[in-house]
There are 2 protein chains.
Amino acid sequence: MAMDKPVPRTRIQKKNIARISEAALSVFSTYGFRGSTVDQIAKQAKLSKPNLLYYFPSKEAIHTHLLSTLMDTWLDPLRALDDNGDPLEEILTYMRRKLQMSRDHPRESRLFANEIVQGAPRILTLLETDLKQLVDQKAAVIAGWMDQGRIARADPHHLIFSIWSLTQHYADFDVQVHAVLGPEKPDPYPEAEAYLVTLFTRMLTP
Amino acid sequence: MAMDKPVPRTRIQKKNIARISEAALSVFSTYGFRGSTVDQIAKQAKLSKPNLLYYFPSKEAIHTHLLSTLMDTWLDPLRALDDNGDPLEEILTYMRRKLQMSRDHPRESRLFANEIVQGAPRILTLLETDLKQLVDQKAAVIAGWMDQGRIARADPHHLIFSIWSLTQHYADFDVQVHAVLGPEKPDPYPEAEAYLVTLFTRMLTP
DNA sequence: CGTGGCTTTGACCAAAAGGTCAAAAGGATT
DNA sequence: AATCCTTTTGACCTTTTGGTCAAAGCCACG
């Protein structure tokens, strides 16, 4: 299970690993793991296939590398949820950050979406340990706020799920959103943000 | 682009097409189109590969067959949204039906999710015509209710998106939900429904 | 400017994949 | 039971795919 070459050494390695990661992100996020081919990734990275496999030992290694790199970034907004902040403001900020990630990093969102929809075979353990622990902890913080009557009551775990689903929807189902809104509304994000702020404000105001 | 054999004739055909559809639903919903193989589907349907290809001319034909069969079922709950009903009750009922579909037909939900996340190459047109038209129509109904002050204001299109994302999340991201909630909570749906009823009630009560 | 390690490549392989076909087997109808 | 149509299959073909390898090219440093 050794993954090799996780840390770039020379500047050529740095450059090529970055190109491969970038290309792999595009390809994997569009076709899922099994639907993607090494050739495709190599072509997008403008490397020959053997050259690509010089940097990563296998297709799976590239995928795992992406996933583990991303996991941290992905959880950062939730980590930033501050016990000592204003409850509603903290939750709205978290929601806004997640929405921004959907807008600015839709491929990353879709990479995760593909992985999870397909049963998360490669990150299930991560979800059951790191993710669960973080969510449990933040859910407790939110429950505390509710106990103090500073925001209205609602199941904290499902509250977090709802932030995930509502924000990631705009990245993962982007095509559908655009199909429904039509070409005269090319950027749904301003309305989405306004809508979500209203939603969470109304729901959480005591 | 002819798809052949859409309607079963003999009872053997009926049986085998049903078995193929069932197997294909499982496989496609788990691996996406490109990640699925005809062998896999044939094996699950307990047919030989050539035998399967006697009923459908190609892998793509099976996929298209599933997708178009499902599309109707999928939109039924939204079609049922009644202009003359009680606004909040109508929206809650729609939400509940969608949630029930996530619980009872998670594979169907994931089949769509896979297709959309990967850019909806095979149903984009459907989305831009049928789906858009239906959504626009129902959004107008909801906007009407808001104009009459019977429910609180919020962007109707994004309201519909939020019902989709919140309910489908429990089917599409099922693995994640279970990983976070842990094994002692094997059925998240009762809490999910309670949470979503609260959410939409608070948001839409004037 | 030459040497040693890093990088790149063309040629190649075995396995997997989508799909074809002719012939055999099975079913229903007379 | 003879016949005709439907169904099933084994063998086969081509393309794609993940991955290997030895040899060639390149680069930095002494």
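Letters A, B, ... are given to chains in the order of the sequence lines, protein chains preceding strands, and every chain is numbered from 1.
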Within 6.0 Å of NZ in Lys132(A), more than 12 heavy atoms from elsewhere: yes

Distance test, side-chain N/O of Asn51(A) to OP1/OP2 of dT9(C), below 4.0 Å: yes

Sugar-phosphate, base or nothing in reach of Ile12(A), heavy atoms under 4.0 Å: sugar-phosphate

Aromatic ring pairing Phe173(B)/His169(B), orientation class (parallel under 30°, perpendicular over 60°, tilted between): parallel

Distance in angstrom units between Ile62(A) CD1 and dG19(D) C1', rounded: 12 Å

Nucleotide of dT7(C), dG19(C), dG19(D) approaching Ser58(A) most closely (side-chain heavy atoms): dG19(D)

Whole-Å distance separating the CG atom of Leu53(A) from the C1' atom of dG10(C): 15 Å

Donor-acceptor under 3.5 Å (Ser109(A) side chain, Pro106(A) main chain): no

Spacing between Arg19(A) atom CZ and dT7(C) atom P, to the nearest angstrom: 14 Å

Residues touching DNA chain C, which here means a heavy atom under 4.0 Å, drawn from residues 28-50 of chain A: Ser48(A), Pro50(A)

Any side-chain donor near an acceptor of the partner, Gln118(B) and Asn114(A), under 3.5 Å: yes

Between P of dT20(C) and CZ of Phe56(B), the distance in whole Å: 15 Å

Any donor-acceptor pair under 3.5 Å from Lys59(A) side chain to Ser36(A) backbone: yes

Short side-chain N/O contact to dT20(D) OP1/OP2 from Tyr54(A), under 4.0 Å: no

Phosphate OP1/OP2 of dT8(D) contacted by Asn16(B) side-chain N/O (<4.0 Å): yes

Ring geometry between Tyr170(A) and Tyr189(A) (parallel below 30°, tilted from 30 to 60°, perpendicular above 60°): tilted

Between dG27(C) (P) and Lys15(B) (NZ): distance, integer Å: 9 Å

From dG19(C), dT8(D), dG19(D), nucleotide with atom closest to Lys59(A) side chain: dG19(D)

Distance-minimising heavy-atom pair for Leu88(B) and Phe200(B): CD1-O, 4.0 Å

Heavy-atom pair with the smallest gap, counting every atom of Leu181(B) and Glu184(B): O-OE2, 3.6 Å

d(OH, Tyr55(B); C1', dG19(C)) in whole Å: 18 Å

Ring geometry between Phe28(A) and Phe33(A) (parallel below 30°, tilted from 30 to 60°, perpendicular above 60°): parallel

Close residues, residues 117-124 of chain B, relative to DNA chain C [heavy-atom separation under 4.0 Å]: none

N or O in side chain of Gln13(B) less than 4.0 angstrom from dT6(D) OP1/OP2: no

